[in-house]
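Read through the structure below, which is laid out as structure tokens, and then see the notes.
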Amino acid sequence: MSTLTLDAEALYTELRSGVRQLWRPGMAMMGIWSGGAWLAERLTADLMDLTAGARPGVISSTLHRDDFGARGMASGTDATKIPYSVDGAHILLLDDVLFTGRTTRAVINELFDFGRPASVTLAVLVDRGGRELPIQPAFAAAKISLPAAQKLSLKRADDGRFTFSIQGEA
Amino acid sequence: MLSRRNPQLNRNGELVHLLSIEGLPRDVLTHILDTAGTFLSVNDREVKKVPLLRGKSVFNLFFENSTRTRTTFEIAAKRLSADVINLDIAKSSASKGESLLDTIANLSAMHADMFVVRHSESGAPYLIAQHCAPHVHVVNAGDGRHAHPTQGLLDMYTIRHFKKDFTKLSVAIVGDIVHSRVARSDIHALTTLGVPDIRAVGPKTLVPGDLQGMGVRVCHDMAEGIRGADVIIMLRLQNERMSGAMLPSAGEFFKNYGLTDDKLALAKPDAIVMHPGPINRGVEIDSAVADGAHSVILPQVTFGIAVRMAVMSIIAGNEP
């Protein structure tokens with residue numbers, strides 16, 4: 001096990017400040033299932049002065065994944081749900097961990113199946129490096145370096161508090 | 001290699017062909033239904049297409065006529081971005097004397113990735129699955145009297161959509177059961193999904209005697225068969241499969257087993273009425289019922305596309 005510790009709650013506070021800086025009028029939040037969707041949900045509530053509580057979208061990479069041939073069809077629980085029109089919207093895309101960029105690529109394709117957004121901005125809790133595509137976040141609360149074999153993912157407790165879990169050999 | 005236990009599953013228990021619902025575990029069925037739910041929403045998008053089968057070739061091999069099933073398979077494959085080739089086999093190779101396996105070998109040489117097969121002989125899709133290249137997937141779109149698994153699955157999707165929980169339901173399957181591959185697939189699926197009360201309703205000549213062994217209650221009296229039912233699945237009277245006098249007349253059949261508002265009143269007040277289509281109005285179902293508030297016949301067609309998308313994407317994503 002790794003000795004790396006990431007304080008997800010502290011990073012969330014950082015992300016909240018970052019999103020406040022990135023925010024522009026008319027923006028709409030879109031969380032990447034599942035960790036990003038939790039972030040979008042909590043940011044919507046915590047930044048009520050900006051969001052006015054407008055429901056965030058949830059977007060899934062399932063139908064556009066490039067590893068479909070190898071991994072097959074994931075379980076059908078993570079369907080995309082967008083409660084607003086994507087056409088002409090400024091989308092703030094949120095994810096817990098940015099790694100290869102392949103999930104981001106897939107959800108951008110998914111997003112364009114619903115319309116033509118005016119812009120898409122990416123903000124993440126952790127950028128763990130290892131990019132395989134030319135994708136960069138506009139904001140990352142932390143930048144770390146992890147071996148490729150390790151899996152970093154956000155967990156949400158029943159009381160809504162965030163923690164990180166790291167699995168795999170260092 | 002095909003597993004010896006069930007030729008539809010790979011060694012990890014994942015679906016690689018869909019040949020029959022019989023013998024498939026509950027979690028495989030549930031996974032298909034859950035995945036279909038995801039695909040149902042694709043119909044509401046501006047772009048009604050996802051790229052899961054992009055670059056794959058799906059061959060529709062219909063050795064027996066069908067319009068609805070073939071069309072819904074074609075739409076499903078196209079919404080998954082596959083290239084679809086429809087072969088009207090009944091009018092070509094087979095009539096020139098080519099054997100089934102020669103036809104398959106030739107189509108495999110055209111780099112097919114998936115065969116959707118309808119055949120009048122029970123077991124034809126099994127034969128194809130056993131002889132095609134390992135990377136090729138086979139979907140049974142109806143074989144003889146044996147099975148019609150995607151219809152069974154879309155029926156289960158429909159029931160789950162309207163009734164949520166399978167474990168408290170009474171389901172009546174009414175009509176020409178002896179000729180019906182739909183009935184057989186429905187019975188296997190309902191049993192696997194935990195439906196406690198399944199009834200087969202029809203005249204003695206059209207209900208096989210061996211159903212009791214499948215956990216089905218046989219009723220030759222319509223009123224007894226549909227009383228208190230949550231779901232009524234009407235079957236088409238298959239005149240083209242009947243030889244000899246199995247029925248006095250269509251009129252007599254309608255009088256005894258045709259679903260009318262009067263008979264429907266015996267079922268639960270919120271019962272749903274299903275039919276695999278095409279419906280024979282005035283033979284097995286009255287127009288007032290087919291077009292009435294309890295009928296979910298058209299939602300079945302819509303769900304059928306999502307279920308076929310789910311089946312094709314799941315098997316295409318699993319290694320042999």
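Naming convention: chains lettered A, B, ... in sequence-line order (proteins, then strands); numbering from 1 in each chain. As a basis for the values below, the full set of heavy atoms in this structure was taken, side chains included, without hydrogen atoms, waters or symmetry mates.
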Study note, to complete from the structure: The side-chain hydrogen bond (donor to acceptor under 3.5 Å, both in side chains) partners of A/Asp96 (sequence neighbours excluded) come to none
Exercise for review: Please name all residues satisfying side-chain hydrogen bond (donor to acceptor under 3.5 Å, both in side chains) with A/Asp46, sequence neighbours left out, ordered by chain then number.
Suggested key: A/Tyr12
Review point. What distance do A/Leu63 atom CG and B/Met309 atom CE have between them, rounded to the nearest 0.5 Å?
Key: 7.5 Å
Exercise for review: Determine whether more than 12 heavy atoms belonging to other residues, nucleotides or ligands lie under 6.0 Å from atom CZ of A/Arg55.
Suggested key: no
Review point. Listed by residue number, which members of residues 44-53 of chain B have a heavy atom under 4.5 Å from any heavy atom of chain A?
Key: B/Arg45, B/Glu46, B/Val47, B/Lys49, B/Val50, B/Pro51, B/Leu52, B/Leu53
Review point. What part of A/Asp87 is in contact with chain B, defined as an atom under 4.5 angstrom from a non-hydrogen atom: side chain, backbone, both or neither?
Key: side chain
Exercise for review: Evaluate whether atom CZ of A/Arg42 has more than 12 neighbouring non-hydrogen atoms of other residues, nucleotides or ligands under 6.0 angstrom away.
Suggested key: yes
Point to revise | Flag if over 12 foreign heavy atoms under 6.0 Å of CG, A/Asp158 | key: no
Study note, to complete from the structure: Contacts of B/Asp270 meeting side chain to side chain contact (heavy atoms under 4.5 Å, CB included) (sequence neighbours excluded), chain-then-number -> B/Lys163, B/Lys268
Practice item. Please say whether more than 12 non-hydrogen atoms of neighbouring residues, nucleotides or ligands are located less than 6.0 Å from NE2 in B/His135. Key: yes
Check your understanding: Could you state the interatomic distance from OG (B/Ser41) to CD1 (A/Ile82), rounded to the nearest 0.5 Å?
Key -> 10.0 Å
